[in-house]
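What follows is a single structure, written as structure tokens, with notes after it.
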There are 2 protein chains.
Amino acid sequence: MTKNRYRRDELLEIAIDLFAEKGYVGTSIRDIAKAIDRSVSNVYHYFENKEELWLAILEYSVQGLPEKLRMVAHGEGEPLERFKKLLKVHLEESTKHQRETKIFFIDEERLSPKGKIINKQIQKEILDIYVEQFRLLQSHNLVRARNLKILAFNVLATINWFLRWYDPEGNMSKEEIYDEIIDFVLHGMCTK
Amino acid sequence: MTKNRYRRDELLEIAIDLFAEKGYVGTSIRDIAKAIDRSVSNVYHYFENKEELWLAILEYSVQGLPEKLRMVAHGEGEPLERFKKLLKVHLEESTKHQRETKIFFIDEERLSPKGKIINKQIQKEILDIYVEQFRLLQSHNLVRARNLKILAFNVLATINWFLRWYDPEGNMSKEEIYDEIIDFVLHGMCTK
DNA sequence: GAATAACTAGATCGATTGTTCTAGTAGAGT
DNA sequence: ACTCTACTAGAACAATCGATCTAGTTATTC
């Protein structure tokens, strides 16, 4: 008999909620069990320990992001249009997993060495995808920045910061925000 | 006899280090005391409790930022030049208090209601300074964005994110990064 | 129907948490 | 000499932490 995937994922869902709200250290196993009205044993039945639970969340959500972005980055089309598409997909995927991505960034320093390494690696992968894109765009004379790494940090800044202030219950539409962010990344705030 | 300001501030310094490294929840009073080789009582002598210690750090560092920014924002000069100066000062001040500002953003959700309110208020103040600047620049036809609030979030994104990746020990100079960020904010990544 | 694996509740573990209490020392002002 | 305040160390507190252990209940397979 294999483990009950459904009950495991239910647990994962509630854990994401609590981690996103109160952080990794701020959320206890008991909190998680209580929130879904099960016993502590139930949590430990599906996950070896707290850290494994955390890593399962990563796998469940953020892990696949680099691959998805690479697909777009290496896809067909004109370089600049493809880059715009990359931004859009990145924004959409991040929004889809807003809570998890939030966790991902908020508590990165609070993990065990193993967790830290995985975390850093995913971030590095994403950064590299962008730097590579910039190099390509640069060869077409489409990039103004001198330091491509700083540029990548700046672009990631707008995307990742968006996850902090965006409120799904708010009155701004996602499409409106996406367009505004993409326009900002491409041309900044100034006219001309 | 008044409280020994020097020993208090020493305590504050070490607390900033630990909070920045391991977070608010991840740092215990004992950790702080041990790091500076004093007793727990010593910490409680200078600060009522853990939260007051946190708030003291805020006061010690981040609290004055809005006022400094307002000074520049309401200063003399051409609107766009003044705005550039605003960005520069903001970047400089944030770098000066990098550890504290990091704490400020990382653990904002982990505070008591009182702490949360103070935290949110400072962030709101800063946001408003930028939105006001954009309104002024807009009246001179210098801003391309439609939604000024989103624009403000994007600008703050680049500044605050910078604090996450910037390594004072690294080989990039601060001035180089500042210029690159300011250029990005004003004109984005594209040529033309 | 026996055997095996999946799952569960609840007590319990030692360690650590924020905080308080007790009992003091040091030094300045009177 | 006495008093008051500033300061200190270290034991002690109840609560909570991640984790484990015991003892059980289901459900499936042969």
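Nothing here was measured: the structure is a model prediction, and the numbers come from that model. When reading the values below, keep in mind they use all heavy atoms of this one structure, side chains included, and skip hydrogens, waters and symmetry mates. So that the names make sense, note that chain A is the first sequence line, chain B the second, and so on, each numbered from 1.
Rounded to whole angstrom, the span from the CH2 atom of Trp54(B) across to the P atom of dG18(C) amounts to 14 Å. In this structure, CG of Leu18(A) is placed 12 Å from P of dC17(D), rounded to the nearest angstrom. Atom CD in Glu52(B) sits about 10 Å away from atom P in dT19(C), given to the nearest Å. In this structure, Asn4(B) atom CG and dT25(C) atom C1' are separated by 16 Å, rounded to whole Å. The interatomic distance linking His45(A) (NE2) with dC7(C) (P) rounds to 4 Å, in whole Å. Per the geometry, NZ belonging to Lys22(A) stands 8 Å off P belonging to dC17(D), to the nearest Å. Atom CD of Glu51(B) and atom P of dT17(C) are 18 Å apart (whole Å). A straight line from CZ of Phe47(A) to P of dA19(D) spans 13 Å, rounded to a whole angstrom.
Checked against side chain to side chain contact (heavy atoms under 4.5 Å, CB included), Ser173(B) has the following partners two or more places apart in sequence or in another chain: Glu175(B), Glu176(B). For Glu10(A), the salt bridge (Lys or Arg N to Asp or Glu O under 4.0 Å) partners two or more places apart in sequence, or in a different chain, are Arg38(A).
Applying the ring pair (Phe, Tyr, Trp, His ring centres under 6.0 Å) definition to pairs two or more places apart or across chains, none involves residues 106-127 of chain A. Under the ring pair (Phe, Tyr, Trp, His ring centres under 6.0 Å) criterion, the residue pairs touching residues 111-149 of chain B are Phe83(B)-Phe134(B), His90(B)-Tyr130(B), with sequence neighbours excluded. Sorted by first then second residue, the ring pair (Phe, Tyr, Trp, His ring centres under 6.0 Å) pairs that include residues 92-112 of chain B, not counting sequence neighbours, are Trp161(A)-Phe105(B).
Within residues 25-41 of chain B, the residues approached by DNA chain C to less than 4.0 Å at the level of any non-hydrogen atom are Thr27(B), Ser28(B), Ile29(B), Arg30(B), Val40(B), in residue-number order.
Hydrophobic clustering (ILVMFWY, side-chain heavy atoms < 4.5 Å, transitive): Ile36(A) and Leu53(A) are in one cluster.
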